[in-house]
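Working notes for the structure below.
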Amino acid sequence: MELNEYQQLAGKAAFYEGDDVTYCALGITGEAGEVADHVKKMWRDDNGILTVDRQEHLLKELGDVMWYVARMANNLEFRIYFK
């Protein structure tokens, strides 16, 4: 799936009202903080080793970041493409 396709599909799962750009910016920040927290815990608790459990947590949080980025780009009428 191309990123612009994901961007369009992400819009179908949006359920909030109000200022979408602000909501998405705050969502990106919160989810990115959760990514950083899992990386911190990897170094603190797992001796810097990426365990299967930690990898699963990171994958989920990165997916959340991507969802908010896709929604914010859509709200700003940007289309995400890579060359």
Side-chain angles (χ1 to χ4, degrees):
M1 173 184 299
E2 297 287 328
L3 280 175
N4 61 327
E5 292 174 278
Y6 177 79
Q7 180 180 351
Q8 292 171 355
L9 289 174
K12 294 180 180 180
F15 56 87
Y16 50 87
E17 297 178 12
D19 184 350
D20 292 344
V21 173
T22 300
Y23 182 85
C24 290
L26 294 171
I28 291 167
T29 303
E31 297 300 338
E34 291 186 47
V35 169
D37 193 48
H38 281 291
V39 171
K40 175 197 73 178
K41 289 176 181 178
M42 178 182 76
W43 285 101
R44 184 191 68 197
D45 301 339
D46 304 328
N47 296 316
I49 297 168
L50 181 60
T51 64
V52 172
D53 184 53
R54 187 78 56 213
Q55 187 175 20
E56 289 173 5
H57 285 289
L58 282 167
L59 180 61
K60 180 207 173 290
E61 300 307 338
L62 287 171
D64 292 346
V65 170
M66 287 180 61
W67 187 86
Y68 281 111
V69 168
R71 289 299 306 140
M72 187 172 188
N74 197 56
N75 289 317
L76 295 170
E77 298 182 5
F78 299 153
R79 295 295 170 252
I80 303 171
Y81 294 97
F82 285 102
K83 293 183 180 182

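We're numbering straight along the sequence, starting at 1. Everything quoted here is computed from the prediction, not taken from an experiment.
Remark: H57 NE2 to L62 CG distance equals 13.0 Å, nearest 0.5 Å.
Using a distance-only test at 3.5 Å, with no hydrogens or angles considered, no donor-acceptor pair links the side chain of N74 to the main chain of A70.
By the side-chain contact (heavy atoms from CB on, under 4.5 Å) test, I49 is found to be paired with no residue, residues two or more places apart in sequence or in another chain being considered.
Under the 4.5 Å side-chain criterion, counting only non-hydrogen atoms from C-beta, L58 is in contact with L50.
No chain of hydrophobic side-chain contacts below 4.5 Å, direct or via other Ile, Leu, Val, Met, Phe, Trp or Tyr residues, connects V69 to L59. A chain of hydrophobic side-chain contacts below 4.5 Å, direct or via other Ile, Leu, Val, Met, Phe, Trp or Tyr residues, connects W67 to L76.
Annotation: salt bridge (Lys or Arg N to Asp or Glu O under 4.0 Å) contacts involving residues 61-70, sequence neighbours excluded, comprise K60-D64.
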Atom pairs and distances, side-chain donor-acceptor, residues 24-41, under 3.5 Å, sequence neighbours left out:
from	atom 1	to	atom 2	distance (Å)
T29	OG1	A25	O	2.9
D37	OD1	K40	NZ	2.8
D37	OD2	K41	NZ	3.2
H38	ND1	R54	NH1	3.2

